[in-house]
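Because the structure is predicted, anything quoted here is derived from the model rather than measured.
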Amino acid sequence: MKTIIAEKPSVAREIAGLVGASDKQDGYLTGNGYFVTWAFGHLIGLGMPEDYGISGFDKSALPIIPNPFLLTVRKIKKDKGYTADPGALKQLKVIERLFNQSNSIIVATDAGREGELIFRYIYEYLKCNKPFERLWISSLTEKAIKQGFDNLKDGAAFDGLYQAARGRSRADWLVGINATQALSIAAGNGIYSLGRVQTPTLALICKRYLDNKHFSVTKYWQIQLLHNKELIDFKSISKTKWEDQKLADDTLKAIQRNETATVISVETKSVTEQPPLLFDLTGLQKEANKKLNLSAEETLNIAQSLYEKKFITYPRTGSKYIPEDVWAEIPNLVRALQDRETCKQAVSKVKWGRFNKRIVNDLRVTDHHGLLITDKIPSALNAKENEVYDMIAFRLLEALSQACIKEITDVGLQVLHYDFSAKGCKIMEPGWRSIKGSFTDDDTEPVQDLPELKKGNELKIKEASVLEKKTKPPVLYTEAGLLSAMETAGKEIENEDERKALQNIGIGTPATRAAIIETLFARNYIQREKKSLIPTEKGLQVYDLVKDRKIADVSMTAEWELALQKIENNDADVGAFQKEMETYASTITNELLQTSIAHNNLPQLVCPKCKSQQLIIRDKIVKCPDEGCSWVQFRNVCGVQICIADIESLVNKKSTSLIKGMKSKAGKKFDAYIVLDDYCKTTFEFEKKKKK
């Protein structure tokens, strides 16, 4: 017998159907010489400090450097501690029994770093020594699974992938556990979580927020002219930017008296815009955030669902290319899209026989190729799934189309001795831009049509006006902007050699970036303000403590990602990487234990109920220390974090200021005051009532 182990029950069922294992049992399927079972994600993980006999946050126990690292069954929170997840224990027993009854194992967990780790940790924990082979597929279609079974690979071929996955897992443990405990002990006020990837990501958000907040906006003025030639209206703008409005107004009057502009230069150049490449996961997440306002995690979940329903290929990819052998399947995919109503018109614009082969590059395909649709076309998806699916489908059609050729014209004009410029654009060949019919990017201004202009032409000025403009601060990060910054973290590094080494390495991986952003929300370090991500008081407090330390430096994290890639390719030793992590964990622990978090900004508040105890103010809660009184106020109310000033106002004046953007259970937004009644219980009071 052979045991096939998948990452999830849904994938296991697909595979079982193909290998003829149709007999359903508790925790597995069997038949035709196979057992087909599954994990539920990470069944086994690294033990926590208590598994090494270290309970609570104990300064004398730091740094915690396990030797050896212990593996434990996944735990869930129960009462005040953690206990083994009963579902995980039960499934693990099933897997152990099947492994013991088998001659060999076929690994069918997701084909990537984390999928490898899920299986290997189970294999190691069960002390199994049966031989295993690897099913490596990029799609769950019948054809892809059959091809995968025809080309099973020896498990040892993925040892580098496993070493990199285990190295990442241990590095995150060493840095995360030690830094978090050290900072929380130093703070003495709640838990301050730090991590190898989450902390530099938080630093990006905080730095951008502070740069934006402290930016001093200055006004300036430009003059805009309106011209008409050959029945075409077009505008030109002054090259001078006046810092004094009176000077601009005086210049305007002089120009209005002159009434004529002279063309002093005309430059026309042809610009070729290559079609975009296929989406990788980060590209899809950025686009879905910009166009559909979906978070990175929502996009990943939708893509994973489309993958499991066999509509798209494996989504957790870092590549935008496909290998040569997949190219032969592309015409079938385009043909299949003719049956989808939303894509019909776009498919009709694709030039058959002239497909652009720019996406084919064997050397640029990582674990998985760029995101493709499959030949199974969906008919009943929910609205968000439809939108994400169409994004992937349209991107494929664009990628296969020819370049868009534009003619860009720059015109120099002069009025009196002031220089003006006008820019025009003509589409010579629409190419890939005809797929969606959009000829400029969302973040650029549409470019005007210009008439035929020659040097020396005199143009009448139909209108002239002064425009008031402002310098713009660095924009706050949206999730799309943050994903870009995480992806290109190495670009900001000053040392040229390091920058070159890290130019294609960001922080985190396409598969983990969404989870990192969600972790920052869960830790109450960041919050959403419309589309922007901004830090909370707590997030800024943590940033202030770590901003000058290595743990907040994107270049260090990017270097680690580089080291992990080398381990994956068997070009570096995982033991040396772990030693480096242990040394670093010791250094950061000692640094953080010497820091202190300033608590002087926390007000001294007396409990409004018992009127005798001083309230304890924590990140998530404000409470009376007297168990007999037990007055408590949670700081997150209907999705909004209540700031210290409002807590102070609630306790001393029995009402907060107007709290905006709270969400009811039904998902509706509302604004209200939080007020204390005569029994010291909190209720909402709405604006109209308050005004009475």
Does a donor on one side chain sit under 3.5 Å from an acceptor on the other, for [X] and [Y]?
X	Y	result
T3	S102	yes
E124	Y162	yes
R335	Q338	no
N289	E287	no
N151	R134	no
K376	T141	no
Q565	E561	no
S193	Q198	yes
R316	Q304	yes
D280	T317	no

Between [X] and [Y] (judged by ring centroids, cut-off 6.0 Å), do the two rings come close enough to count as a pair?
X	Y	value
Y123	F119	yes
H368	W136	yes
Y477	Y209	no

Under a 4.5 Å cut-off applied to non-hydrogen side-chain atoms, are [X] and [Y] in contact?
X	Y	value
R358	P275	yes
F40	E7	no
I122	I95	yes
E114	L117	yes
I15	Y34	no
Q91	W38	yes
K286	E479	no

Under the ring pair (Phe, Tyr, Trp, His ring centres under 6.0 Å) test, residues paired with Y121 that sit two or more places apart: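 Partners of Y121 by the ring pair (Phe, Tyr, Trp, His ring centres under 6.0 Å) criterion come out as none, since no residue qualifies.
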Which pair of heavy atoms, one from [X] and one from [Y], lies closest together, and at what distance?
X	Y	result
P315	L371	CA-CD2, 3.8 Å
V574	G167	CG2-CA, 4.1 Å
A303	I312	O-CD1, 3.4 Å
N103	K130	O-CD, 3.9 Å

Examine distances only and state if a side-chain atom of [X] and a backbone atom of [Y] form a donor-acceptor pair shorter than 3.5 Å.
X	Y	result
R196	T557	no
N32	V19	yes
K24	L29	no
D375	L333	no
S319	R364	yes
T201	V197	yes

Point-to-point distance, once rounded to the nearest 0.5 Å, from CD1 of I507 to CZ of R513: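 That separation rounds to 8.0 Å.
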Criterion side chain to side chain contact (heavy atoms under 4.5 Å, CB included) on R120 and D159, from CA distance to verdict: CA-CA 10 Å; R120 298 281 191 128; D159 285 351; 2.9 Å; yes
N382, CG atom: more than 12 neighbouring heavy atoms under 6.0 Å: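 Yes, the 6.0 Å shell around CG holds more than 12 heavy atoms from other groups.
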Other residues, nucleotides, ligands: >12 heavy atoms within 6.0 Å of K310 NZ: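 Yes, enclosed.
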Presence of salt bridge, K291 and E387, under 4.0 angstrom: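 The answer is no: the pair does not qualify as a salt bridge.
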